[in-house]
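To keep things clear, I will list the structure first and then write my remarks on it.
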Number of protein chains: 2
Amino acid sequence: MQAELHNLDGQRLHESIVLRFHALIQQGILKHGAKLPAERVLAEQLKVGRGSVREAIRTLELQGLVVSKHGSGTFINTQSLDAMTTLMTSALGPGGSETQLRDIFEVRHLLEPQLAALAAQRATPADVERLSSILVEQRRQIMEGETGVDADTKFHYALATATHNAALIKVVSAVEDVLRQSRDQSLQQPGRAERSLASHRQILEMVSNRDHHGAREAMEHHLTAVEPSSVFVE
Amino acid sequence: MQAELHNLDGQRLHESIVLRFHALIQQGILKHGAKLPAERVLAEQLKVGRGSVREAIRTLELQGLVVSKHGSGTFINTQSLDAMTTLMTSALGPGGSETQLRDIFEVRHLLEPQLAALAAQRATPADVERLSSILVEQRRQIMEGETGVDADTKFHYALATATHNAALIKVVSAVEDVLRQSRDQSLQQPGRAERSLASHRQILEMVSNRDHHGAREAMEHHLTAVEPSSVFVE
DNA sequence: AAACTTAAAGTGGTCAGACCACTTTTTAAG
DNA sequence: CTTAAAAAGTGGTCTGACCACTTTAAGTTT
């Protein structure tokens with residue numbers, strides 16, 4: 001609701017230094033391999049403290065645009081992948097990297113149906129048991145008037161666990177984490193919580209039946225049912 | 001209570017501070033919204049200078065893990081997408097075993113074909129142009145005897161960019177980053193680099209033709225051709 | 001008692017100078 | 001010329017101070 005990172009006037013000093021270097025690099029004035037002036041010299045030239053110069057260099061280094069070598073100097077490095085992406089996004093606009101909610105939902109649409117299919121192929125009886133008990137909890141929460149958002153999140157996490165793929169589990173849990181608040185809001189709409197529970201049951205049934213095709217479709221249906229529909233149509 | 005800030009080979013002080021906070025956040029000791037001690041206090045607790053603390057905080061802020069507010073304090077912020085990707089790569093990086101590599105390839109199989117389809121639907125002429133120039137670079141690298149791993153990584157990243165989905169871009173870049181070394185090893189096998197270039201061209205053709213179905217299949221084929229398990233297939 | 005105003009404390013942002021650790025260059029010795 | 005030692009250059013860190021902004025507490029007014 002509230003804008004966060006549009007602090008035009010409240011710009012920190014080292015940040016403006018970073019932007020200055022971005023410009024110098026994009027204009028080709030600083031080329032790959034070029035050596036930057038020493039921090040002390042840079043500080044004097046820019047008329048700032050050395051600490052600010054260092055914090056700016058730290059930022060540039062994290063962006064992959066520069067490499068500092070103890071004892072020898074700091075060098076431009078525009079051939080790294082990080083450097084490429086940084087310059088691209090820097091040229092694209094001043095706005096920070098805030099991600100839209102529908103972008104995340106799109107990732108879920110790409111990921112979770114496939115994930116459900118994988119889970120259907122690999123879920124152990126213990127996994128099915130865990131998923132089942134989570135649905136019991138979700139049912140209880142809903143009957144007590146809650147949204148069941150905790151159980152909802154747990155279900156998706158448990159489903160990821162059922163794939164027995166560590167990388168997948170981490171990706172999904174991270175994505176789910178970001179979604180938690182907005183999900184709670186979504187589930188407060190009348191009938192939404194019950195519908196979520198119903199489609200969860202459908203997914204679980206497919207998984208326990210080892211029907212990976214059905215699980216994929218059930219998850220796709222679930223996401224469509226839960227996502228903040230009719231918000232913005234592009 | 002007072003653990004040692006062990007200084008490994010060539011590790012800068014502020015970097016070890018960053019790693020320390022990564023651990024604290026991943027262990028759940030520092031939760032979203034928590035307020036960090038003041039920089040002066042932190043410096044005294046860690047027995048380092050305030051400048052080092054500030055450079056560490058600058059890094060954490062760039063990684064999206066904390067937010068500093070002038071006059072009020074510095075706060076943990078793990079609900080941003082940046083935070084999620086950095087924690088992901090931080091967890092995936094050091095403990096990298098072979099098992100995790102296979103898991104990551106599986107994630108790519110789930111993600112990238114869909115991603116290619118999306119890119120085919122949304123790629124702008126500028127995106128196509130960028131992809132094309134990357135392939136030129138890859139061809140040049142291969143002809144010079146290199147593996148072309150840089151161009152290879154750039155291609156997948158640029159493809160993610162063509163979806164114009166910030167969340168997707170970040171997830172993919174996190175996954176690709178981990179894959180880089182193993183990819184280089186994979187591409188050193190005879191004929192593998194050329195085949196990678198060929199399938200990249202096929203993907204680009206599908207994308208430029210807006211053929212999302214073809215792009216999906218081409219990417220699936222590409223991944224199967226490049227992934228380590230296919231060593232025995234040829 | 002409540003609302004407003006003002007002063008103080010807390011905290012991030014910046015600056016200055018100093019010293020250390022490492023690297024490169026210069027100088028001196030063989 | 002080769003080699004070793006000294007010097008210079010540079011990033012890394014520490015200390016202490018002051019500024020700018022925010023929050024809190026104290027004091028005043030209503």
Checklist entry - side-chain hydrogen bond (donor to acceptor under 3.5 Å, both in side chains) with Arg54(B): which residues, sequence neighbours excluded? => result Glu55(A), Glu39(B)
Next on the checklist: Rounding to an integer number of Å, can you tell me how far Leu46(B) CG sits from dT15(D) P?
Outcome noted: 13 Å
Checklist entry - Taking only residues two or more places apart in sequence, or in another chain, which ones meet Ser196(B) in a side-chain hydrogen bond (donor to acceptor under 3.5 Å, both in side chains)? => result Asp152(B)
Checklist entry - In whole angstroms, how far is the P atom of dT23(D) from the NZ atom of Lys35(B)? => result 9 Å
Checklist entry - Of all the choices, dG13(C), dC14(D), dT10(D), which nucleotide is nearest to the side chain of Ala38(A) once you look at every atom? => result dT10(D)
Checklist outcome for this item: side-chain contact (heavy atoms from CB on, under 4.5 Å) filter on Arg140(B), not counting sequence neighbours, yields Glu137(B), Glu144(B)
Checklist entry - Can you tell me if the side-chain N/O atoms of Thr74(A) get under 4.0 Å from OP1 or OP2 in dT10(D)? => result no
Item to check | Donor + acceptor pair across side chains of Gln63(B), His22(B) (<3.5 Å) | outcome: yes
Checklist entry - Over how many whole Å does the gap from Ile17(B) atom CD1 to dC14(D) atom C1' extend? => result 12 Å
Checklist entry - Of Gly49(B) and Lys69(B), whose closest DNA chain D nucleotide lies nearer the 5' terminus? => result Gly49(B)
Checklist entry - Which pair of non-hydrogen atoms, one from Ile57(B) and one from Val66(B), has the smallest distance, and what is that distance? => result O-CG2, 4.0 Å
Next on the checklist: Holding to ring pair (Phe, Tyr, Trp, His ring centres under 6.0 Å), I want the full list of residues that pass it with His109(B), two or more places apart in sequence or in another chain.
Outcome noted: none
Checklist entry - Would you say a side-chain N or O of Arg12(B) is under 4.0 Å from OP1 or OP2 of dT13(D)? => result no
Next on the checklist: Output the rounded distance in Å from CG (Leu60(B)) to P (dG12(C)).
Outcome noted: 13 Å
Checklist entry - Could you state the CZ-P distance from Phe75(A) to dG11(D), rounded to the nearest angstrom? => result 8 Å
Next on the checklist: Rounding to an integer number of Å, can you tell me how far Arg54(A) CZ sits from dT13(D) P?
Outcome noted: 6 Å
Checklist entry - Between dG11(D) atom C1' and Glu61(A) atom CD, what is the distance in whole Å? => result 10 Å
Checklist entry - Hey, does Gly51(A) reach any base, or is it just sugar-phosphate, or nothing, if we go heavy atoms under 4.0 Å? => result nothing
Which protein N or O atoms sit under 3.5 Å from an N or O of nucleotides 18-21 of chain D?
unit_1	atom_1	unit_2	atom_2	d
dC18(D)	N4	Arg40(B)	NH2	3.4
dA20(D)	N3	His70(B)	NE2	2.9

Item to check | With sequence neighbours excluded, residues passing side-chain contact (heavy atoms from CB on, under 4.5 Å) with Ala160(A) | outcome: Leu115(A), Ile169(A), Val172(A)
Next on the checklist: Please determine whether a side-chain nitrogen or oxygen atom of His14(B) lies at a distance below 4.0 Å from atom OP1 or OP2 of dT13(D).
Outcome noted: yes
Checklist entry - Leu36(A) CG to dG12(D) P: how many Å, rounded? => result 12 Å
